[in-house]
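Input: a single structure, listed below in structure tokens.
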Amino acid sequence: MSEPKSSELMEKIVSLCKRRGLIFQSSEIYGGLNGFWDYGPLGAELKRNIKECWWRSMTQLRDDVVGLDASIIMHPKIWEASGHTTTFSDLMVDCLLTKKRFRADQIEPQSGTVYKYPGAECKVIYRYVGAESKETGLKVNKPFAVLLKKGEHPEKARKLAKQFYAQGSLDQAMKITDGLVLHGEVTAEVVLEVDPQKETTEEVVNSTGYNPENGSLLTDPRRFNLMFKTYVGPQDVPKPDFDPAANLEQWKAWRRAFDESEDNKTYLRPETAQAIFVQFKNVLDVSRQRVPFGICQIGKAFRNEINPRNFTFRSREFEQMELEFFIRPDEVVQKMAGAVAGLADPQPSTLDPQPTWGWELWHKYWVEQRVRWYESIGLGRDTLVEYWQKKEELAHYARACVDILFKFTFGTQELEGIAARGDFDLMQHQKFSGKSMEYFDEEAKAKYVPHVIEPSAGVDRLALALICNAYCEDQAPDEKGKLESRVVMKFHPRIAPIKVAVFPLLKNKPALVEKAKAVRDLLRPHMSVFYDEAGAIGRRYRRQDEAGTPFGVTIDFETLGEQGPALQDTVTLRDRDTMKQERVKIGDLAPMLVEKIR
Ligand code: GAP
């Protein structure tokens, strides 16, 4: 089969997500809300499986990591200490023409001829439907420019400039009409003159100052903090409806109320990590853990992304799975072990932690652990890229960071970041809270603030990666054995939303139905089971292929013993990917399937 183009493929994936109940647009019946998504019945199972797999591998299968489940809204000082109130921002630019907002670093550099205009003159006629009409002439003195690519006609620039000045003049004219009582719709006729004599041109190369979609000039970049603000308790003092200069006392009272309300201001957490740092001491006290050890957490995070895009890839509400793994500072390792093993040293393995390991080897260890985990849920190494950030790309707190990228249908993008954060976070919280974050290491006989390695992954991004990875189109025989194309979601059995589907061959044979329901009830305590008796068996297989159910069990007449005792109480077990069927004893089904899905 020929490979579909990536945008076509992405459309098919998005459509399947809706059709099969994996992912829906949030608030869809109200037109949706950009950057927010809901998970349907299959999506909810998929996400739960991802989180359970991660939690199990991070905590239950290890001695040295414990869990935390902290609140989403926390003391606002936390975000000052972490640096989020001052540095957690993106540069944004707006299109002067469409007002569309972009992240400045996502503007594709462009080259071409810029047509510049110093201003325009216009005459605006306002007509008020069912009310009155007014005529006014005005001048707009606002610079505007349009970038034309090679071969494009100057008329395009003139046309866009006219559109821009039409909007500009409308804004101003609307201000003049303030106070008018209007009924019905407001419409305006605009007669514009963009003077070709005043038009100048300039050649630009690799400029990011223009909207790649229409060539219009963009605003200068401005900082935009990505945290969602919220208020705890009494809040939101309305704007003053009096003149402060003429009512000084009233103004002071309003200001006091405003300042108090600002004291109640905090944020929806933009990452789960900070809660782990601020609970470090409490967890240490109760868990009997010793450094090196980790605290992990799964939970919602919120970022007011400027440009949510690529389906759920960049959302405004998402879930993170984060581990903060606390290690000894290299100086302490040096003192204890006499040497610090690093990346340059010949190492037998980065899988077997040693007391001589410095932060570099712990960092490498976690990169390897995380890649192995992705493999265990079906993302092979060939689908992943380990990107070691360059020094100039590192966040101010990071000594090193490896991004694990996945080859998404729309491009190779970050799935998880694994950062070596030094002691930055604990030191900041020690400074801002005044509470000691020091740890006394009995073995090292030293007191220190531990350093941190942080593997931080997104649940939603991983769900999307698994969906993109699973999507497959191939050929399967229909009822009559004729090949037809099928869509199959090849989820790894560990994370597949439904593990097994149980079908009676025919729904109008009570003995088959009864037996099939008994098999369903037998498997249910061990895994998610879907029972389906509606339609031809081929159609039922196809439905489950699209849902990504790895196994199908069919109860037929052999099961009932109609072909002799040898096949009695056996069923056919169908493998979704190979479509091969084998005969299995009902008594062997549960242990056999449990083995395959664990
Ligand atoms: N505590 C470190 C931290 O939060 P990050 O690289 O900003 O680091 C970690 O986020 C992971 O969270 C990312 O690798 C990604 O999987 C997920 N993530 C971040 N922003 C996201 C967004 N807007 N939508 C979906 N997932 C996001």
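One-based numbering, in listed order, for ligands and for the atoms of each.
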Who gets closest to [atom] by heavy atom: [options]?
atom: atom 27 (C) of ligand 1; options: F406, W37, F318, F88; answer: F318
atom: atom 11 (C) of ligand 1; options: S456, P270, A395; answer: S456
atom: atom 5 (P) of ligand 1; options: E271, R303, E322; answer: R303

Could you tell me which atoms of ligand 1, counted from 1 in the order shown, lie closer than 4.0 angstrom to a heavy atom of [X]?
X: E416; answer: 14 (O)
X: S315; answer: 22 (C), 23 (N), 24 (N), 25 (C)
X: A273; answer: 1 (N)
X: E454; answer: 1 (N), 2 (C)

Within the 6.0 Å centroid threshold, strictly below: [X] and [Y]:
X: W37; Y: F318; answer: no
X: H363; Y: W388; answer: yes
X: F228; Y: Y267; answer: no

Give me the residue, atom name and distance of the protein heavy atom closest to [atom].
atom: atom 6 (O) of ligand 1; result: E414 OE2, 3.3 Å
atom: atom 25 (C) of ligand 1; result: F313 O, 3.2 Å
atom: atom 15 (C) of ligand 1; result: R461 NH1, 3.4 Å
atom: atom 12 (O) of ligand 1; result: Q320 NE2, 3.2 Å
atom: atom 17 (C) of ligand 1; result: G458 CA, 3.8 Å

**OP:** Examine R316 relative to F302 and say whether NZ or CZ is less than 6.0 Å from the centre of the six-membered ring and inside a 45° cone about the ring axis.
**Re:**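 No, R316 does not lie over the aromatic ring of F302.
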Original post:
Taking F325 as the fixed residue, which of Y365, W362, F280 is the one that meets the ring pair (Phe, Tyr, Trp, His ring centres under 6.0 Å) rule?
Top reply: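 Exactly one candidate clears the test, W362.
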Subject >> T312, any N or O under 3.5 Å of ligand 1 N or O >> reply: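 No; every N/O pair is 3.5 Å or more apart.
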Original post:
So is L415 polar-close to ligand 1, meaning N/O to N/O under 3.5 Å?
Top reply: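 Yes, since at least one N or O of L415 sits under 3.5 Å from an N or O of ligand 1.
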**OP:** Say whether, by atom type as modelled, one donor and one acceptor occur between the side chain of S315 and the main chain of T312 under 3.5 angstrom.
**Re:**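 Such a contact is found between S315 side chain and T312 backbone.
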**OP:** Identify the heavy atoms of H526 and I597 that sit nearest to each other, and give their distance.
**Re:**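 Reported closest heavy-atom pair: O-CD1, 4.2 Å.
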Original post:
What is the minimum heavy-atom distance between A547 and L42, and which atoms define it?
Top reply: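 Scanning both residues, the minimum pair turns out to be CB-CD1, 3.6 Å.
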Original post:
side-chain contact (heavy atoms from CB on, under 4.5 Å) between Y448 and R328: does it pass, once the steps are laid out?
Top reply: CA-CA 8 Å; Y448 55 82; R328 293 179 172 125; 3.2 Å; yes
